[in-house]
Amino acid sequence: MGGQILTISHAAKAFGGNEVLKDISLGVSKGDVLAIIGPSGSGKSTLLRCATLLETFDSGTMRYGDLAVIEDGRYAPNDVLHQVRSRFGLVFQNFNLFPHLSALDNITLALRRVQGKGRAEAESIASGLLERMGLAGREGAYPCELSGGQQQRVSIARALALRPQILFFDEPTSALDPELTGEILKVIRDLAAIHMTMVIVTHEIGFARNVADRVIFMAGGVIVEEGRPEDVIDNPSNDRTRAFLRNLDRK
Amino acid sequence: MVLSLAQGLLVSTEIFAFTLLFALPLGLLIAFGRMSKIGLVRQIFRIYISIMRGTPLMLQLFFFYFGPYYLLGIPLNKLGLFGVEYRFISVIIGFSLNYAAYFAEIYRAGIESIPVGQYEASSVLGLSKSQTFFLIIFPQVVKRIIPPVTNEVITLVKDTSLAFALSVMEMFTIAKMEAAAHTTMVPFIVAGIFYYIFNFIVAWAMERLEKSLNYYR
Ligand SMILES: Nc1ncnc2c1ncn2[C@@H]1O[C@H](COP(=O)(O)OP(=O)(O)O)[C@@H](O)[C@H]1O
Ligand SMILES: [Mg+2]
């Protein structure tokens, strides 16, 4: 598998005595769209936060391509971690846009300050992305002037601007009014169509089934089941998966 | 009389301006110390702030004015700097160190009120710690702390009159001398009007600043 972008093996994480992730192993190859589903509290966010270096695993191994982030429980030095940060992007549930910056400046900030691009180049990249997100002409808008769906699209553009090899989403539609989730799901679908490598934590099972190549069902800090969406979602082999999906259907 | 009061007002304004010039940045450094990861550093700055806020400013002014002589035996007339009397310098030191303690607590509250998501978004984008602070956190802190800073600044205008205790020729000292010399209340009334106008301008300027940052929430 030449295109393995992210590999996690035997990773674990506890908060105090609370084991939140237990012996997690997974791989993401170039162009993969991986959906992670599971009940609340099962450790999905913690997994994404460890993968994006917002939290640290206690043990295990994680590599981004040729770069080892943590090997048998030992983290790489800061310069390696800094390099790794340029390989992934993360879209948060509640956007976390910078409120004091316009939509355009939210996107150009890291292009200029981290990647060292000039203003003109950064702004043309940002404008192009805003247009792709259906936000042409809203460059000067501040986050408080945008709807939740528009804010989330700006935050996706902000992540895409840095050309990450892999993009993580943590419940990107959960903070949105139901009528606004569609526009975000469409953006993600469009990204899948151009083979953007993505890992998406979501409660939108129908969406996961459509867009993902692979689905992981997590519960109690372990990967209970993993496979093609038609297998995991339509014919789950595990009782917990079945119970979870049945519960969702009833809602 | 109005002329000599106006000269006093100039000195008061100097105390005011120098205090802000030194205390605003110093307060930020103290706030960092107060939030340090190192327990001992945190404790030292906590005690510093507690002493500065827990003892009278006038006593602190005396401490900084007489300290060099009483503690180190340095004659006060040798301590001038650039032709400025030590009397005035000690007032600036006292005011700056005192107000920095108040500003530090305001900064700290402001910094702690910024949602953790702002740091997380910065980290994922690859911003360094200092970029995160100066480009993301601090601009938002400034907006949030304008009301409490305005309160402190208005108090400072009035507190400049405490420099009379060291016989610095600021407006209140002069008002007192003029009143005694002419046995009249008028200098006090004129000084009061000057202080009021001063604060009126300060409040207006801070309001303008607040409005100029209203473009976002
Ligand atoms: N910073 C933290 N400190 C302590 N416990 C945490 C922290 N973050 C998450 N947890 C706990 O870890 C478990 C998994 O949380 P999370 O990863 O957010 O689950 P999910 O995203 O699947 O809902 C929960 O029991 C939660 O209370
Ligand atoms: Mg979660």
Side-chain angles (χ1 to χ4, degrees), chain A residues 45 48-49 51-56 78-79 81-103 105-116 140-146 151 154-155 157-164 166-170 175, chain B residues 24-25 27-28 31-32 35-39 103 106-150 205-217:
Chain A
S45 293
L48 287 204
R49 293 170 57 80
T52 53
L53 311 187
L54 294 175
E55 293 282 0
T56 51
N78 278 328
D79 56 320
L81 300 186
H82 184 70
Q83 219 182 325
V84 164
R85 283 195 180 90
S86 67
R87 299 207 175 173
F88 59 74
L90 171 63
V91 173
F92 298 86
Q93 182 174 337
N94 54 355
F95 333 132
N96 288 335
L97 288 177
F98 304 128
H100 60 303
L101 300 178
S102 66
D105 290 342
N106 262 279
I107 302 170
T108 57
L109 182 79
L111 283 171
R112 298 186 60 196
R113 304 290 179 153
V114 179
Q115 298 195 340
Y142 285 86
C144 65
E145 300 166 334
L146 299 170
Q151 289 185 55
V154 173
S155 96
R158 179 174 72 175
L160 286 173
L162 302 177
R163 301 191 138 274
I166 178 170
L167 190 49
F168 297 92
F169 294 81
D170 192 358
Chain B
L24 283 171
L28 190 57
F32 286 143
M35 295 185 295
S36 166
K37 283 198 199 88
I38 305 159
F103 288 140
I106 292 173
Y107 284 126
R108 183 169 71 95
I111 291 168
E112 288 176 349
S113 76
I114 303 296
V116 66
Q118 295 290 302
Y119 292 91
E120 295 183 344
S122 306
S123 157
V124 170
L125 291 173
L127 297 176
S128 69
K129 285 224 165 65
S130 70
Q131 285 176 325
T132 300
F133 185 76
F134 288 107
L135 299 173
I136 305 299
I137 306 302
F138 193 65
Q140 299 182 53
V141 168
V142 168
K143 180 182 165 82
R144 290 182 188 210
I145 66 176
I146 287 178
V149 166
T150 303
M206 294 302 279
E207 201 172 308
R208 282 287 298 266
L209 180 61
E210 195 171 356
K211 284 223 177 84
S212 76
L213 292 174
N214 262 352
Y215 62 88
Y216 75 90
R217 270 196 316 263

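Values below: every heavy atom of this structure, side chains too, minus hydrogens, waters and symmetry copies. Note on naming: letters A, B, ... go to the chains in the order of the sequence lines (proteins, then strands), and numbering restarts at 1 for each one.
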Report task. Show the numbers, then the answer: is there a side-chain contact (heavy atoms from CB on, under 4.5 Å) between B/Tyr216 and A/Ser102? Result -> CA-CA 9 Å; B/Tyr216 75 90; A/Ser102 66; over 6 Å; no
Report task. Step through the shown structure and confirm whether more than 12 heavy atoms of other residues, nucleotides or ligands are within 6.0 Å of CZ on A/Arg87. Result -> yes
Query raised in the report: What residues, two or more places apart in sequence or in another chain, satisfy side chain to side chain contact (heavy atoms under 4.5 Å, CB included) together with B/Tyr215?
Result: A/Tyr142, B/Leu213
Query - A/Leu54 and B/Ser123: CA distance, side-chain angles, deciding distance, side-chain contact (heavy atoms from CB on, under 4.5 Å) verdict - result: CA-CA 8 Å; A/Leu54 294 175; B/Ser123 157; 3.7 Å; yes
Counting only non-hydrogen atoms closer than 4.5 Å, does [X] touch chain B with its backbone (N, CA, C, O), its side chain (CB onward), both, or neither?
X: A/Arg49; value: side chain
X: A/Phe92; value: side chain
X: A/Leu90; value: both
X: A/His82; value: side chain

Query - Interface residue of largest heavy-atom contact number with chain B, from A/Cys144, A/Ala110, A/Pro99, under 4.5 Å - result: A/Pro99
Query - Pairwise distance CD1(B/Ile136) to CG(A/Leu109) - rounded to 0.5 angstrom - result: 5.0 Å
Requested in this report: Show your reasoning for whether side-chain contact (heavy atoms from CB on, under 4.5 Å) applies to A/Arg85 and B/Leu125.
Outcome: CA-CA 7 Å; A/Arg85 283 195 180 90; B/Leu125 291 173; over 6 Å; no
Query - Heavy-atom proximity to chain A below 4.5 Å, by part of B/Glu120 - result: both
Query raised in the report: For B/Ser122, is it the side chain, the backbone, both or neither that has a heavy atom under 4.5 Å from a heavy atom of chain A?
Result: both
Let me check something: any side-chain donor-acceptor pairs from residues 107-118 of chain B under 3.5 Å, sequence neighbours excluded? List them with distances.
residue	atom	partner	partner atom	Å
B/Tyr107	OH	B/Leu24	O	2.9
B/Arg108	NE	B/Glu105	OE1	3.1
B/Arg108	NH2	B/Glu105	OE2	3.1
B/Ser113	OG	B/Gly110	O	2.7
B/Ser113	OG	B/Arg144	NH1	3.1
B/Gln118	OE1	B/Gln140	NE2	2.9
B/Gln118	NE2	A/Leu97	O	2.9

Requested in this report: Evaluate side-chain contact (heavy atoms from CB on, under 4.5 Å) for B/Val124 paired with A/Asn96, printing each intermediate quantity in order.
Outcome: CA-CA 11 Å; B/Val124 170; A/Asn96 288 335; over 6 Å; no
